[in-house]
Colleague: 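Let me give you the structure first, and then I'll get to my questions.
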Amino acid sequence: MFAIPGIVALVVFIYARPQEFVERLRVIPFLYVFFALALCGGLLDLRVRNLKLANTPQLPWIVLFFLWASFTVLVRAPSDAASHIMELLICVVLYLLIAHGVQSFRALHVVAAAVLSMVLLVCGVGAHQGFAPLGCVMIDPAAERDTAAGKPDGRPCETIRSCYDGDTEPGADYACEHIGLFGTTSIGGGRVRYRGVLQDPNELALAGGVGLPLAFAFGQVRKGRTGQRAVTWLAFALVLLCAVLTGSRGGQLVFLTVMGAYFARRFGARGLVVGGVLALPLLLLGGRSGAEADSSTTERLDLLTEALSMWKSHPVLGVGLGQFTEWSYMTAHNSYLLALGELGFPGMVLFSIIVYLSAKIPLVAYRTITPDGGVLFAEGAPVTRPWAMAITAAFAGLALGIFFLSFTYHYVLWIYMGLSGAFYSAIRAHYPSFRVRFGGRDLALVVAVDLAIIVLVFFYTKWALK
């Protein structure tokens, strides 16, 4: 499969961001190089018939979403349209490369292993960072307020006051944070994070939580292989520790949702009760509290209110793709409301359909392909069902996690959408009659859920901001 090396390289560079801490790599636009490599590899695969032109359930809706989002920014902010359309196009192409360039379980294992490896890397860096010594960090004045990017200056510290003593840059702002590997630093008094698209602690916690099911899937598919059980337990420990050290309440809920999906599958309703009891230590030890947490909650409520205001003033087209921060001091911190504010209600529905179908594919596969189900691909159930469960659990976590984060156009979300599409393609290669359809009932359910989100957010913000 000639497309796979380019896809794996894209995953590595999106997660690990080596170009940010290896000076020589900054000269070459590697992401675009690897996009081209994966695309050329996919075309070569088509040429030699390693791949077939095939549809995936999400594809038509992704095309509609891209066209609608592009139309909104062309109408609302034509001068900014090119850059925002290009950013969304990268997400779409990332989906296409994974969902349509991976059409076998062997290839799916390779790409999923790359994603899991990167999850272990970023969570490992986060865990190390949480116990690393404190050092002075000079804050980049051009950085966004909620990311506070900065560079360690090499001086140790015990409190922020010590960073302003001695050899300092005139007029510079400093923080006293944990200094981790690859020049990473914590934020907000010790909350661990990574770099690039995972420089926010909440995003790091979410990426770890939704990556954990991949370790469980490999543990089931490769049962008995030397070291596989160790990898599974290592992933569980790193993701859990990272969720605690990020101080992300949303990230910890994602972790609990993923584990709850497995408990529910194994023990039914009783599993949810047991899982809830086991979750108490995480809830007690992990989340933030006090003035900082209250301030964060109030800030998010303000942003949700602003998203609703944008939609009320522009109900059909929204304010335009990528225009939320032109109307507000910060992004929405809610993927559904971000889509609503920027793309109007049609854009919110299209985005929700893509997420819904990405979750429906593995759920239908899990229910349909069973060892005693009588289907043609029943012999493939030992491989199919672990991945079906893993992707279902991942999207259960994502559907909840993106409610608290602006992940609408985030690479990590689109990678998992691609994995769901790749899973569908792999099943169809062995079981051509397998179908996941989107009908009137599905549309009614998605619209009803989106309307419920709007109504709930409206009344909750009214009540909470009294």
Colleague: Does the side chain of W387 reach to within under 4.5 Å of the side chain of L214, using non-hydrogen atoms?
Modeller: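 When only atoms from C-beta onward are counted, L214 and W387 do touch, with a gap below 4.5 Å.
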Colleague: Report the distance from atom CG of L238 to atom CG of L212, rounding to the nearest 0.5 Å.
Modeller: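 Going from the CG atom of L238 to the CG atom of L212 covers 10.0 Å.
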Colleague: Students often mix this up, so state it plainly: with edges at 30° and 60°, are the rings of F403 and Y336 parallel, tilted or perpendicular?
Modeller: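 The arrangement is tilted - the two ring planes meet at 30° to 60°.
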Colleague: Provide the closest heavy-atom pair for L245 versus G130 in the form atom of the first, atom of the second, distance.
Modeller: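 Looking at all heavy atoms of both residues, the shortest contact is CD1-CA, 4.0 Å.
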Colleague: So which heavy atom on Y431 is nearest to which on I369, and how close?
Modeller: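 So the minimum-distance heavy-atom pair works out to CD2-CD1, 4.0 Å.
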Colleague: Are the side chain of E342 and the backbone of G318 linked by a donor-acceptor contact shorter than 3.5 Å?
Modeller: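 Looks like no, no N/O pair under 3.5 Å.
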Colleague: When rounded to the nearest 0.5 angstrom, what distance separates CG in L94 from CZ in F34?
Modeller: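 Here the rounded value is 13.5 Å.
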Colleague: Taking the side chain as every heavy atom from C-beta outward, state whether W311 and L337 have any atom pair closer than 4.5 Å.
Modeller: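 Contact flag for W311/L337 side chains = no.
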Colleague: Roughly how far, to the nearest 0.5 Å, is CZ of R76 from CD of E326?
Modeller: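 E326 atom CD to R76 atom CZ measures 14.5 Å (nearest 0.5 Å).
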Colleague: Between Y15 and Y411, is the ring centroid distance below 6.0 Å?
Modeller: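 Aromatic pair excluded; centres sit 6.0 Å or further apart.
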Colleague: Would you say that L206 contacts F407 through its side chain, given a criterion of any heavy-atom pair below 4.5 Å between the two side chains?
Modeller: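 A side-chain contact exists here, since the closest heavy-atom pair is under 4.5 Å.
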Colleague: Does Q129 reach the main-chain N or O of V125 with its side chain, forming a donor-acceptor pair under 3.5 Å?
Modeller: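 Side chain of Q129 to backbone of V125, a donor-acceptor pair under 3.5 Å: no, none is there.
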Colleague: If we ignore hydrogens and angles and just use 3.5 Å, is the side chain of S420 paired with the main-chain N or O of M417 as donor and acceptor?
Modeller: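 No; judged by distance alone, with no hydrogens or angles, the pair does not exist.
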Colleague: Please confirm whether the backbone N or O of L301 pairs with a side-chain atom of T461, one donor and one acceptor, at under 3.5 Å?
Modeller: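 Here the side-chain-to-backbone pair does not exist.
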Colleague: Are the side chain of D442 and the backbone of G439 linked by a donor-acceptor contact shorter than 3.5 Å?
Modeller: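 Indeed, once roles are kept as given, a pair shorter than 3.5 Å links the two residues.
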Colleague: Quick one: does S406's side chain have a donor or acceptor within less than 3.5 Å of a partner on H333's backbone?
Modeller: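 Yes, S406 side chain to H333 backbone: donor-acceptor pair under 3.5 Å.
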Colleague: Is the closest side-chain heavy-atom distance between T246 and R193 below 4.5 Å?
Modeller: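 No - every pair of side-chain heavy atoms lies 4.5 Å or more apart.
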Colleague: CZ/R191 to CG/L204 distance, rounded to the nearest 0.5 angstrom?
Modeller: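 Reported value, rounded in 0.5 Å steps: 10.0 Å.
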Colleague: Please walk me through it: do Y409 and E87 pass side chain to side chain donor-acceptor pair (under 3.5 Å)?
Modeller: CA-CA 8 Å; Y409 324 111; E87 289 174 7; over 6 Å; no
Colleague: Find the distance between NE2 (H430) and OG (S425) and round it off to the nearest 0.5 Å.
Modeller: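 It comes to 11.5 Å.
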Colleague: Working note: N334 + R300, criterion side chain to side chain donor-acceptor pair (under 3.5 Å); need CA distance, chi angles, decisive distance, verdict.
Modeller: CA-CA 9 Å; N334 182 302; R300 287 171 182 264; over 6 Å; no
Colleague: Is the number of heavy atoms from other residues, nucleotides or ligands under 6.0 Å of F66 CZ greater than 12?
Modeller: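 Yes - once you tally the heavy atoms of other residues, nucleotides and ligands closer than 6.0 Å, there are more than 12.
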Colleague: Main chain of A16, side chain of Y194: is a donor-acceptor contact present, judged purely on distance under 3.5 Å?
Modeller: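 Confirmed, Y194 side chain pairs with A16 backbone.
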Colleague: Is there a side chain to side chain contact (heavy atoms under 4.5 Å, CB included) between L304 and L308 once you walk through the steps?
Modeller: CA-CA 6 Å; L304 293 177; L308 291 177; 5.8 Å; no
Colleague: Work out which heavy atom in W327 is nearest to a heavy atom in E306; give both atom names and the distance.
Modeller: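 Distance-wise, the nearest heavy atoms are O-OE1, 4.2 Å.
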Colleague: What's the verdict on side chain to side chain contact (heavy atoms under 4.5 Å, CB included) for E203 and S248, showing C-alpha distance, side-chain angles and the deciding distance?
Modeller: CA-CA 9 Å; E203 295 177 354; S248 171; over 6 Å; no
Colleague: Where do V316 and F345 land on the side chain to side chain contact (heavy atoms under 4.5 Å, CB included) test, with the steps shown first?
Modeller: CA-CA 6 Å; V316 179; F345 189 68; over 6 Å; no
Colleague: Please report the shortest heavy-atom distance between L398 and V210, naming the atom on each side.
Modeller: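 Shortest heavy-atom contact: CG-CG1, 3.6 Å.
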Colleague: Check whether Q58 reaches the backbone of I354 with its side chain - one donor and one acceptor, N or O, closer than 3.5 Å.
Modeller: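 Not at all, since once roles are kept as given, no pair shorter than 3.5 Å links the two residues.
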Colleague: Do the side chain of T408 and the main chain of S335 share a donor and acceptor less than 3.5 angstrom apart?
Modeller: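 Pair found, side chain donor or acceptor close to backbone of S335.
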Colleague: Let me see the working for F395 and Y356 under ring-ring contact (aromatic ring centres under 6.0 Å, His included), right down to the final yes or no.
Modeller: CA-CA 9 Å; F395 271 94; Y356 172 82; over 10 Å; no
Colleague: Any heavy-atom pair between the side chains of L343 and F65 that's under 4.5 Å?
Modeller: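 Yes, their side chains come closer than 4.5 Å.
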Colleague: Quick one: closest heavy-atom pair of L31 and L10, and the distance?
Modeller: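 Of all heavy-atom pairs spanning L31 and L10, the closest is O-CD2, 3.5 Å.
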Colleague: Evaluate side chain to side chain contact (heavy atoms under 4.5 Å, CB included) for W61 paired with L64, printing each intermediate quantity in order.
Modeller: CA-CA 5 Å; W61 300 101; L64 284 174; 4.1 Å; yes
Colleague: Quick check against the 3.5 Å criterion: does S328 have a side-chain atom that pairs as donor or acceptor with the backbone of F324?
Modeller: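 Side chain of S328 to backbone of F324, a donor-acceptor pair under 3.5 Å: no, none is there.
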Colleague: Does a side-chain heavy-atom distance below 4.5 Å link Q103 with D45?
Modeller: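 A side-chain contact is absent here, since even the closest heavy-atom pair is not under 4.5 Å.
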Colleague: Identify the heavy atoms of I402 and V355 that sit nearest to each other, and give their distance.
Modeller: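 For I402 versus V355, the nearest heavy atoms are CD1-CG2, 4.4 Å.
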Colleague: So do F423 and T384 actually touch side chain to side chain, heavy atoms under 4.5 Å?
Modeller: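 A side-chain contact under 4.5 Å exists here.
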Colleague: Supply the atom-to-atom distance T72 OG1 to L67 CG, rounded to the nearest 0.5 angstrom.
Modeller: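 Interatomic distance, T72 OG1 to L67 CG, rounded to 0.5 Å: 11.0 Å.
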Colleague: Check whether any side-chain heavy atom of V92 lies under 4.5 Å from a side-chain heavy atom of V63, and answer yes or no.
Modeller: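 Result no, sub-4.5 Å side-chain heavy-atom pair not found.
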Colleague: Give me the ring orientation class for Y424 and F434: parallel if the planes are under 30° apart, tilted from 30 to 60°, perpendicular past 60°.
Modeller: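 The arrangement is tilted - the two ring planes meet at 30° to 60°.
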